[in-house]
Amino acid sequence: MNFLQMVIFSLDQGEYGIDISCVQEIIRIPERITKIPNVPSYINGMFNLRGKVIYAIDLKERFQLDHAERGADSRLLILKLEELMVGVIVDDVSDVLRVSEELIENLSSEIGSIGDNSVKGICKTGDRLILVLDEKRFKSDIFQSIENDMEEKV
Amino acid sequence: MIKLSDLNSCKALAEVLVGLIPGGVLFGLVEGDTATWIIKSETFSIKMLETGEKLDPDSATMKAIHEGKVIHQNIPRTVYGKRLALTAIPVVNDAGEVKGALAIALPKLHPIATAFTDFAPILAEMFQEGAILYITDLEKVFHRHASKKFDLPQLAAMGYELEENDIAYKVIKSKKPMLVEIGPEKYGIPVFIANYPLLDADDTNEVVGSFGIVTPKEVASKLRAISGNLENGLAGISAAIQQLAASAATIHNNEQELNNNIIEITGYSEEISAVSMFIKDIADETKMLGLNAAIEAARAGEAGRGFGVVAEEIRKLSDQSKSTVPQINKLTNSIKTKVDGASEKSKGSLNSSQEQAAATEEITASIEEISAMSEELNRIAKDL
């Protein structure tokens, strides 16, 4: 039986899971984020994490969810997506969960084909419903049109 | 003049008159210089003339015989001990020669004494609380009348002989009226005695007796006692109220202190809230630490399995710590609610104690007014 170990975080009311292998660490949102000119507003800017440049992405804004204020629980999830270090701002990081892959249902093909979202499945555990993100599609979904610019900088 | 022939009818008339004249009378027939016939009232107590006794040649009767005319003379007290009014009428024979005289002696009475039996019963009842009326001569009480309402048999008893300390005695000596109040220790009840000297109608320098009126002062005395009691009672109430005011002030201070304590408690519960926020921060930090540890453990693969368990425990611990925060907040909120209630009540008590203090002041003012009235009452009672 294959197990999937996920880091669970929340955006607005919903819970999301991402494979733990791409998660580097969880930090508080840095006070100083340097803005980057002429980029979509969901790219908050960049900051220095122990000598490494990290881009801060407001994931709620990117996913076009109800924009809520950042709270005391808001965290920055440092992901390593194909050698690119990205910090996504989420409402809360609540858990590290180990679930059987069998518990993960695929998103219906009708929904999956609409728009660009990185959700690859739904994990039902207890009465929780966790949207499981596809870390491989995640990077291209985040950066879309600006991906090329970013790669140039890296 | 009386004719010898009329003498028998005169004697008969005299026998009737001795029984009729109030105060008594004495009739005496003198022939030559010797008393031959004497008749007198039973009440006539003066020893002045006996049958067969020779008269003093200077006496009024002898003068009437010598001069052959009717003589009136007032005989002073010094002669017989009592004042007398003497009338001597010569007795003549048919030839007009004076053979003797008929002497009529009447004790001389002051008009007040004469009228006493008439006015005393009326006057005595005219006093609201009744009265004792009495008349003395220079030595003793000889007229007395007491009202139906009030009498003190031991006071100015009939025939009582005056002593130096008696008011009547002093009045006779000083010839001046006296108004004296006597306390209850002497006669059982307080009395008021007014005594007036009786002066001779002919010689106003001479005192012949005294007239006294005794009235009870029971009502005034009772009034005085009551007003005295009232004053004492009021003083007691006043003292009690002052004590009340003092304890009201204590309550006020205690309430104030209580209020301050409550404010302090509110401050403490806010501090507790701050501490619980700190706990929440630590729990958040611990949770993040646990999550990062789990991530590290996952990256370490199989080797990090044990560390993963520790990370899991740390997360649980942080969850538990965090769950205490709402509990603490709930408790501090309960404290706040209760304290607010207590504060509200203490403010109510504070207001009540202030109202109480105000009411006490009002009562004190009223008591002072009543005290003043009772003092006035006491004064009036003393003047009665």
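In the text below, chain A, chain B and the rest are named by the order of the sequence lines, each starting its count at 1.
Annotation for Y187(B): atom OH counts as buried by contact number, over 12 foreign heavy atoms lying within 6.0 Å. Heavy atoms of other residues, nucleotides or ligands lying less than 6.0 angstrom from NZ of K136(A) number 12 at most. No more than 12 heavy atoms of other residues, nucleotides or ligands lie within 6.0 Å of CD in Q128(B), so this atom counts as exposed by the packing criterion. When the shell of 6.0 Å around CD of E361(B) is examined, it contains 12 or fewer heavy atoms from other residues, nucleotides or ligands. Within a 6.0 Å sphere centred on CZ of F3(A), heavy atoms belonging to other residues, nucleotides or ligands number more than 12. The environment of E375(B) atom CD is dense: over 12 non-hydrogen atoms of other residues, nucleotides or ligands sit within 6.0 angstrom. Under a cut-off of 6.0 angstrom, the local environment of CD in Q243(B) is sparse, with at most 12 non-hydrogen atoms contributed by other residues, nucleotides or ligands.
For chain B, the nearby parts of V93(A) are the backbone and the side chain; heavy atoms of each come within less than 4.5 Å. R75(A) touches chain B through its side chain: at least one heavy atom from C-beta onward sits under 4.5 Å away, while N, CA, C and O do not. Both the backbone and the side chain of E25(A) come within contact range of chain B, each with at least one heavy atom under 4.5 Å from a heavy atom of that chain. At a 4.5 Å heavy-atom cutoff, the contact between D92(A) and chain B is made by side-chain atoms alone.
Scanning residues 306-328 of chain B against chain A with a 4.5 Å non-hydrogen threshold yields R315(B), K322(B), sorted by number. Of all residues spanning residues 285-301 of chain B, those with a heavy atom less than 4.5 Å away from chain A's heavy atoms are E285(B), K287(B), M288(B), L291(B), N292(B), A294(B), I295(B), E296(B), A298(B), R299(B), arranged by number.
Closest approach of D73(A) and K280(B) over heavy atoms only: OD1-NZ, 3.9 Å.
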